[in-house]
Amino acid sequence: MNNRTKFALVDCNNFYASCERVFEPKLEGRPIVVLSNNDGCIIARSNEAKALGIKMGVPYFKLKNLITQNGVVVKSSNYPLYGDMSSRVMKVIGEYSPVQEVYSIDESFIDLMRLPLNLMDHMHSLRRRVKSWTGIPVCVGVGSTKVLAKLANRIAKKYPRFDGVFDIDDLSYERYCKLLKSVEVGDLWGIGRQSAKKLNRIGIHTSHDFYQSDVGVIETLLGVNGKKIYKELYGSSCIPIEAIPPARQQIVSSRSFGCDLKDFDELNQALTNLTRKAVNKLNNHQLATTTITVFIYTNPHKKDKPCFHLSKTVGMTTAIQDQSQIIPLVAQILRLIYKPGHSFYKGGLVLGNLTKNYQQQDLFSITQNSQIQTMARQKSNTIRSVNKRFNESIKYASELGNNRWLPRADFKSNRYTTSWTELLVI
DNA sequence: TCTGGGGTCCTAGGACCC
DNA sequence: TCTGGGGTCCTAGGACCC
C-alpha cells in the first residue's frame with residue numbers, strides 16, 4: 001500500500017435509530033426501526049432489530065406481525081431532528097482534520113495526511129468525543145483511498161474487538177486478500193446490484209475475484225467508475241475528497257400522499273405545498289431555475305390498474321426564483337398533464353438547470369418594467385421574512401384544503417432540538 | 001388497506017452543424 | 001456500383017449513493 005494519501009470515513013451507527021435513543025434513553029438495548037415518509041418502508045434499524053432479521057427497505061405493513069410479536073419500537077422519520085443532530089456530529093468531526101467532506105447525513109470523509117500525531121489515538125479520541133458531545137455512536141474506517149476507508153469502516157462496525165476504529169493499511173497482503181475474499185463484490189462502494197449481476201456472470205463474485213481481474217475487462221464492463229474502484233483497491237486514490245460541495249444541479253420535492261388522490265384541486269394543494277418547500281430551498285441557496293418538471297404517478301404496485309407516469313418539463317428564457325411566479329406555473333403544468341379518473345399516489349416537482357440568482361434580464365421580455373419588478377421583489381422578500389418568523393403562515397390559497405394528501409406519520413418523536421414547543425421535558 | 005426521498009453521473013441516441 | 005467524418009448539444013434512461 002502506498003502512503004501518499006490517507007482518508008478516514010466516519011460513519012454514524014444506525015444513525016436515525018441512534019438519534020431517537022439520544023432523547024429516549026429507555027430505548028437503549030431495545031430493537032428500533034425508523035420508517036420512511038408516509039410510514040412506508042423501514043429505512044433504519046438498531047442492531048437488535050437487525051438481529052431479528054428485519055431487512056432494509058422492506059414495507060412496514062409486511063412486518064407488522066413480526067414487529068409487534070418482538071416488541072420492536074417503531075418511529076416515523078423525523079428529519080428536523082436527524083438533520084440537526086447530523087450538523088452537530090459533523091461539527092465535532094471537523095475539529096479532527098482541516099479537510100472534511102460531509103458525504104451524507106450520517107457520513108463524513110476526512111483527510112488524514114500530514115497530521116503530525118498517532119492516527120489511531122486521534123481517531124479513538126474523535127469517536128469518544130462525538131459520542132460524549134452528541135450522544136451518537138460512530139465508527140471510523142481508515143485507508144489510503146476512499147474505497148478502502150469504506151471497506152475499513154465495515155470492519156470497524158462488524159468486529160467489536162477493534163473498538164470502532166480500523167486501519168485497513170495495517171493488514172499484511174495475505175490478510176488483505178483474506179478480507180477481500182469475505183466481502184461480496186456488490187458490497188464494494190460504487191458497485192450496485194446491476195454491476196454485481198454483470199460481474200457474477202463472468203465469474204466474479206467476491207471483492208478478491210474483482211481485485212484479481214484484468215482492469216481492461218472491468219473498464220469494458222463497468223466504465224470509468226468501475227476502473228476507479230478497481231484502482232482504489234490497489235491503494236491508488238482516484239476519488240478525491242470534496243471539501244467544497246459542488247454547485248447544486250437540481251432541487252427535487254416529492255411525496256407519496258397519505259391517500260390516493262383523484263381530484264385536481266387536491267393534487268394541486270399537495271403540489272403547491274411541495275413547490276413552496278422547493279422554492280424555500282432555492283431561495284436559501286440563493287439560486288434561480290430555468291426548467292420546471294411536474295410529475296404525478298399512479299401506484300405501480302396495484303397490478304389490476306394501469307400504471308401512469310405523467311410528467312412534463314417546461315423551460316424558461318429567464319431564470320426565476322420567486323414563489324409568486326413558480327407556484328402558478330406548477331399549477332399550469334399540472335393542468336396540462338392531469339388526467340381525470342385515475343388515482344395518483346405520488347407527485348412532485350423538479351427545479352432544474354439551477355443558476356446563481358443574479359437578475360439576468362430577458363432581452364425580448366415584455367415585462368421589462370423595472371418598477372413592477374422592484375415591487376414584486378419587495379413583496380416576495382416580505383412574504384419570505386414573515387414566513388420565516390411566523391412558521392410559514394402566509395400561504396397560497398391553492399394550498400388550503402382538506403389536507404387529505406398529507407403523508408402519514410403515526411409514530412413521530414418530538415423535534416427536540418429545533419422547536420421550542422417540543423423540548424425534552426424532565 | 002399499507003411499498004421513501006433526494007441527489008449525482010454516465011451513456012446512448014437523435015438532431016443538428018459544417 | 002460507389003454514399004464521410006467530426007463535432008456539439010440535448011434528452012431519456014440507467015446506475016449508483018445514502
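Naming: A, B, ... by sequence-line order, numbering from 1 per chain. The figures that follow rest on heavy atoms only: side chains count, while hydrogens, waters and symmetry mates do not.
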**Request:** Specify the residues of residues 190-200 of chain A, ordered by number, for which at least one heavy atom lies under 4.0 angstrom from an atom of DNA chain C.
**Result:**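 Correct list: A:G190, A:I191, A:G192, A:R193, A:Q194, A:S195.
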**Prompt:** Where along residues 405-416 of chain A does a heavy atom come under 4.0 Å from DNA chain C, residue by residue in number order?
**Reply:**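 Listed by number, there are none.
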State which residues pass side-chain contact (heavy atoms from CB on, under 4.5 Å) with [X]; sequence neighbours excluded, sorted by chain then number.
{"X": "A:T417", "value": "A:F23, A:L81, A:D84, A:M85, A:R88"}
{"X": "A:C238", "value": "A:K228, A:K231, A:E232, A:S236"}
{"X": "A:A156", "value": "A:C139, A:F166"}

**Item:** Terminal contacting nucleotides, 5' and 3', DNA chain B versus chain A (heavy atom, 4.0 Å)
**Value:**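 It runs B:dC2 to B:dC10.
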**Asked** Tell me, which of residues 69-91 of chain A have any heavy atom that sits under 4.0 Å from an atom in DNA chain B?
**Response**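 Contacting residues: none.
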Residues which pass ring pair (Phe, Tyr, Trp, His ring centres under 6.0 Å) with [X], listed by chain and number, not counting sequence neighbours:
{"X": "A:F344", "answer": "none"}
{"X": "A:H309", "answer": "A:Y297"}
{"X": "A:F61", "answer": "none"}

**Item:** Stem segments of DNA chain B by first residue number [Watson-Crick or G-U, under 3.5 Å, at least 3]
**Value:**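 Consecutive-pair runs (3 or more) involving DNA chain B: B:5-18 with C:5-18.
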Enumerate, atom names and distances included, each donor-acceptor pair closer than 3.5 Å involving a side-chain atom of residues 274-281 of chain A, sequence neighbours excluded.
residue: A:T275; atom: OG1; partner: A:L271; partner atom: O; Å: 2.5
residue: A:R276; atom: NE; partner: A:E399; partner atom: OE1; Å: 2.7
residue: A:R276; atom: NH1; partner: A:E392; partner atom: OE1; Å: 2.5
residue: A:R276; atom: NH2; partner: A:E399; partner atom: OE1; Å: 3.4
residue: A:R276; atom: NH2; partner: A:E399; partner atom: OE2; Å: 2.9
residue: A:K277; atom: NZ; partner: A:N273; partner atom: OD1; Å: 3.2
residue: A:N280; atom: ND2; partner: A:E392; partner atom: OE1; Å: 3.4

**Asked** Under 30°, 30 to 60°, or over 60°: which ring-plane class applies to A:Y230 and A:Y234, parallel, tilted or perpendicular?
**Response**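 Aromatic pair A:Y230/A:Y234 classed tilted.
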**Request:** Indicate yes or no for a side-chain donor-acceptor contact from A:S419 to the backbone of A:R415 under 3.5 Å, with no hydrogens or angles considered.
**Result:**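 Looks like no, no N/O pair under 3.5 Å.
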